[in-house]
Amino acid sequence: MSEIRITLDGTERAVAAGTTAGEALSADGRTVIAARVNGQARDLDHVLADGDVVEPIAIDSEEGRAILRHSTAHVLAQAVQDLFPEAKLGIGPPVENGFYYDFDVAEPFTPDDLKRIEKRMREIVKQGQRFRRRPVSDEEARRELAAEPYKLELISLKGGASEEESVEVGGAELTIYDNVDPASGEVRWKDLCRGPHVPSTRVIPAFKLMRSGGAYWRGSEKNPQLQRIYGTAWESKERQDEYLHMLEEAEKRDHRKLGAELDLFSFPPEIGGGLAVWHPKGGITRRVLEEYSRRRHEQAGYQFVVTPHISKSTLFEISGHLGWYAEGMYPPMEMEGATYYPKPMNCPFHIMIYKSRGRSYRELPLRMFELGTVYRFEKSGVLHGLTRARGFTQDDSHIFCTPEQLADELASLLQFVLDLLRDYGLTEFEAELSTRPEKFVGDPEEWEIATEALRHALEKSGLPYKVAEGEGAFYAPKIDVHIKDAIGRRWQLSTLQVDLQMPQRFDLEYQAADGTRRRPYMIHRALFGSVERFFAILLEHYAGALPPWLAPVQVVGIPIADEHVPHLERVVAKLREKGIRAEVDASADRMQKKIRNAQKQKVPYMLLAGDDDVSKNAVSFRYRTGEQKNGVPIDEAIAEIVNAVENRIQI
RNA sequence: GCCGACGUAGCUCAAUCGGCAGAGCAGCUGUCUUGUAAACAGCAGGUCAGGGGUUCGAUUCCCCUCGUCGGCUCCA
């Protein structure tokens with residue numbers, strides 16, 4: 001057959017037999033770097049067959065970037081083996097914003113090594129080595145890769161039925177990619193790999209090695225630790241610079257740094273890792289943040305409860321936490337023959353409140369809310385400021401409802417969550433529906449009911465969502481709400497879980513209209529997740545410049561000269577009457593210095609006053625943006641500030 | 001917990017190839033009295049993270065511990 005028929009751009013076309021995907025697409029190999037053939041990603045030099053459907057993969061698409069990054073990972077591995085011939089290869093997949101490759105080496109890489117490796121990579125990129133795909137049998141692969149023990153392990157794993165697809169050995173046949181010198185045609189390097197790849201290393205427009213660190217082989221701490229090198233690669237220098245700039249910005253916004261600079265909180269070593277103390281300025285913001293949430297909950301029909309920080313082991317035995325998470329709990333305390341544990345969760349305590357007396361269907365849904373501080377023993381290596389702490393406060397609610405109420409309750413709950421998050425200035429949301437994990441308790445049919453109720457709530461909310469198979473908690477499927485912050489980072493925040501286990505374990509009941517005793521459903525719901533973590537996320541989102549209603553100091557009065565202090569004192573007194581956190585900077589510093597100080601503290605309103613203002617009974621605004629507004633009558637100034645605070649407006 | 005880097009004044013950072021530890025900011029005391037991001041001068045501030053070792057002598061070299069940071073694993 002000298003002609004075959006293929007589908008291109010949705011229309012059928014005849015091309016010569018032997019035509020490659022790249023030829024059919026007229027791909028330049030720079031903007032279009034690979035092809036999708038019948039839905040499968042392929043190299044551009046993939047030879048087409050009759051009936052193939054061919055689509056281009058652009059370098060600036062998500063899929064294209066992944067291919068680019070994966071190819072860059074190969075260049076990295078080649079460079080490492082050039083410089084460290086004894087290095088054994090692990091795996092080298094693309095990841096979000098970049099790629100990595102794992103190596104078994106005697107000595108961990110130093111920053112200097114990374115520089116040398118990156119330099120070697122640039123040489124390889126410049127050479128324009130071609131990526132050439134070559135199918136091999138298992139035996140051939142084993143023979144060629146005899147010196148690569150980890151690759152051999154991957155080959156032997158390939159047959160495993162439930163083995164997840166990897167970039168090394170995905171699919172039915174094994175392939176090796178050769179890196180070929182374009183001048184001599186010699187094979188410079190090769191790697192076991194599924195592909196596809198960019199046509200040539202020269203196509204890699206921008207890359208950079210980022211850092212190295214230890215990583216367990218195949219992700220298990222039982223396995224040996226390899227050395228992982230992370231890098232990033234982009235379709236253009238500009239996009240890479242943008243990304244690097246975002247990282248710099250993220251570093252500037254680091255809540256641990258801002259926490260110290262703005263005097264909000266600290267982690268004294270004497271107290272212990274992961275245990276924060278809140279300074280006055282952090283404390284006031286936290287109080288306002290909590291108070292607003294509490295008020296909204298009360299308005300939405302929640303009842304405020306309070307429970308203790310420790311409990312006898314009995315409670316956690318019934319709840320099952322001791323069985324499942326004992327190693328993450330602080331160790332027990334023995335007192336008068338009883339064993340007490342610091343609480344890792346609030347739910348069993350709320351159940352005790354439910355059980356304190358008989359319940360009627362008329363009371364349901366019963367919504368309990370608590371800012372409950374819990375303690376979990378996080379391993380020392382994972383602590384990270386307020387976002388991963390050992391003591392933290394959950395804004396925890398538990399809702400007990402009848403099976404008939406479940407779907408509606410979840411839907412309104414999700415709406416409530418989103419509305420409240422918006423009030424804190426977050427605007428972009430995504431959700432994830434996590435289904436039954438491998439390790440679970442209960443009846444799969446009930447899991448199905450609960451999962452469907454959650455799905456219904458998501459559909460009703462119109463929120464975009466993904467399904468995360470097997471990511472649920474051991475006792476419940478859940479919805480996680482993710483937000484995007486001001487520099488595009490995703491954070492998981494709220495969680496909604498339908499729990500069919502706790503009601504059974506604690507034998508919860510209510511009396512139905514027909515007089516029978518029935519089992520309620522229970523919904524776990526945290527909105528911030530942890531108040532500490534939410535605080536950190538807001539701080540990073542706003543880069544420390546909190547909206548006026550949350551700012552620790554909302555107004556600083558700055559006199560031009562000492563004689564203007566009394567005028568500002570009067571303004572500040574009026575502001576305080578309205579509940580505004582205002583002060584006058586009467587220190588010995590000059591006016592310019594006071595502005596600088598207030599600016600560095602990210603105070604939303606600086607009110608200046610000199611002779612002009614005093615004579616007109618006015619003040620002059622300086623906002624932290626640098627803008628100013630002079631000679632504003634005092635009443636107007638106060639009204640402007642009060643309005644921004646009351647309506648939670650960011651300035 | 002594991003791998004690695006780092007730890008000098010409240011903060012940011014110097015210096016000492018093994019020989020009495022130095023600056024800016026912040027603080028304190030004065031002087032100056034000012035219109036939108038740093039007035040001037042003086043003073044004070046350190047077990048060089050902690051412990052042990054090598055050495056005539058250790059902040060510097062070696063070991064251990066603690067802490068921080070970056071990864072991995074984990075995250076009810």
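In what follows, chains are A, B, ... by sequence order, proteins preceding strands, each numbered from 1. Just so you know, these numbers come straight off a predicted model, no measurement behind them. Because only heavy atoms are used, hydrogens play no part in the values below, and waters and symmetry mates are left out as well, while side chains stay in.
- Heavy atoms of A/D589 sit nowhere under 4.0 angstrom from any nucleic acid atom.
- Ring orientation note: the planes of A/Y375 and A/H309 are tilted relative to one another, at an angle of 30° to 60°.
- Using C1' as the reference atom, B/A58 and B/U8 are 14 Å apart when rounded to the nearest Å.
- Taking atom P on both nucleotides, B/C17 is separated from B/C74 by 47 Å, rounded to a whole Å.
- Base pairing annotation: B/C74 forms no Watson-Crick or G-U wobble pair, as no partner gives both donor-acceptor distances under 3.5 Å.
- Between A/K115 and A/E118 no salt bridge is recorded (no basic side-chain N to carboxylate O distance below 4.0 Å).
- Atoms CG (A/D254) and P (B/C11) sit 16 Å apart, rounded to a whole Å.
- The partner of B/C69 is B/G4, judged by Watson-Crick or G-U wobble contacts that both fall below 3.5 Å.
- Going from atom CE of A/M210 over to atom C1' of B/A5 covers 16 Å, rounded to whole Å.
- With salt bridges taken as basic N to acidic carboxylate O contacts below 4.0 Å, one links A/E378 and A/R388.
- One interatomic measurement links the two molecules: CG of A/N597 to C1' of B/A39, which rounds to 14 Å at whole-angstrom precision.
- Straight-line distance between the C1' atoms of B/A49 and B/U68: roughly 11 Å, to the nearest whole Å.
- Base pairing of B/U55: no nucleotide in any strand meets the Watson-Crick or G-U wobble criterion (both distances under 3.5 Å).
- Between the side chain of A/D395 and the backbone N or O of A/G529, at least one donor-acceptor pair lies under 3.5 Å.
- Pairing of B/C48, defined by two Watson-Crick or G-U wobble distances under 3.5 Å, is not identified with any nucleotide.
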Report, as a single string ordered 5' to 3', how protein heavy atoms within less than 4.0 Å touch nucleotides 71-76 of chain B: B base, S sugar-phosphate only, - not at all.
-> BBBBBB
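- B/U33: no Watson-Crick or G-U partner with both key distances under 3.5 Å is found in any strand.
- Ion pairing of A/E640 with A/K629 is present here, as a side-chain N (NZ or NE/NH1/NH2) and a carboxylate O approach within less than 4.0 Å.
- Remark: the separation of the C1' atoms in B/U59 and B/G42 is 29 Å, to the nearest Å.
- Checked options A/K594, A/Q592, A/H564; the residue passing with A/I558 is A/K594 (criterion: side-chain contact (heavy atoms from CB on, under 4.5 Å)).
- Rounded to an integer number of Å, the gap from A/K600 NZ to B/U12 P is 12 Å.
- Among the heavy atoms of the strands lying under 4.0 Å from A/N630 is at least one base atom, whether or not backbone atoms are also near.
- A/S620 comes within contact range of at least one nucleobase, with a heavy-atom separation under 4.0 Å.
- For A/D613 and B/G35, a side-chain-to-base donor-acceptor distance below 3.5 Å is present, hydrogens and geometry of angles not being considered.
- For the pair A/P108 and A/F621, nearest-nucleotide mapping onto RNA chain B gives the more 5' position to A/P108.
- A donor-acceptor contact under 3.5 Å links the side chain of A/R590 to the base of B/C32.
- Between A/E532 and A/T393, the side chains place a donor N or O and an acceptor N or O closer than 3.5 Å (distance only, hydrogens not considered).
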Dump the intermediate steps for side-chain hydrogen bond (donor to acceptor under 3.5 Å, both in side chains) on A/Y216 and A/R218, then the final yes or no.
-> CA-CA 6 Å; A/Y216 298 110; A/R218 299 184 59 224; over 6 Å; no
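- A gap of 8 Å separates the C1' atoms of B/G18 and B/G57, to the nearest Å.
- Residue A/L568 contributes atom CG, which lies 14 Å from atom C1' of B/U36 at whole-angstrom precision.
- For A/F267 and B/C66, the CZ to P distance is 20 Å, given to the nearest whole Å.
- Atom name C1', nucleotides B/A41 and B/G51: the rounded distance is 43 Å, in whole Å.
- For B/C56 and B/A9, the C1' atoms lie 30 Å apart once the distance is rounded to whole Å.
- Nucleotide B/G24 has B/C11 as its partner under the Watson-Crick or G-U criteria, with both atom distances under 3.5 Å.
- When the C1' atom of B/G35 is taken as reference, atom CD1 of A/I595 falls 8 Å away, rounded to whole Å.
- Within the 4.5 Å cutoff, the side chain of A/V555 has no heavy atoms near those of the A/V603 side chain.
- To the nearest whole angstrom, the two P atoms, one in B/G10 and one in B/G45, are 12 Å apart.
- Side-chain atoms of A/T232 come within 3.5 Å of backbone N or O of A/N97 as a donor-acceptor pair.
- Side-chain nitrogen and oxygen atoms of A/K593 include at least one within less than 4.0 Å of the OP1 or OP2 phosphate oxygen of B/A26.
- Side-chain to base pairing of A/Q628 with B/U36: one donor and one acceptor N or O lie within less than 3.5 Å of each other.
- Projected onto RNA chain B by closest heavy-atom contact, A/H564 and A/P111 fall at different nucleotides, the more 5' of which corresponds to A/P111.
- Atom-to-atom, CG of A/D102 to P of B/C3 comes out at 16 Å; the value is rounded to the nearest Å.
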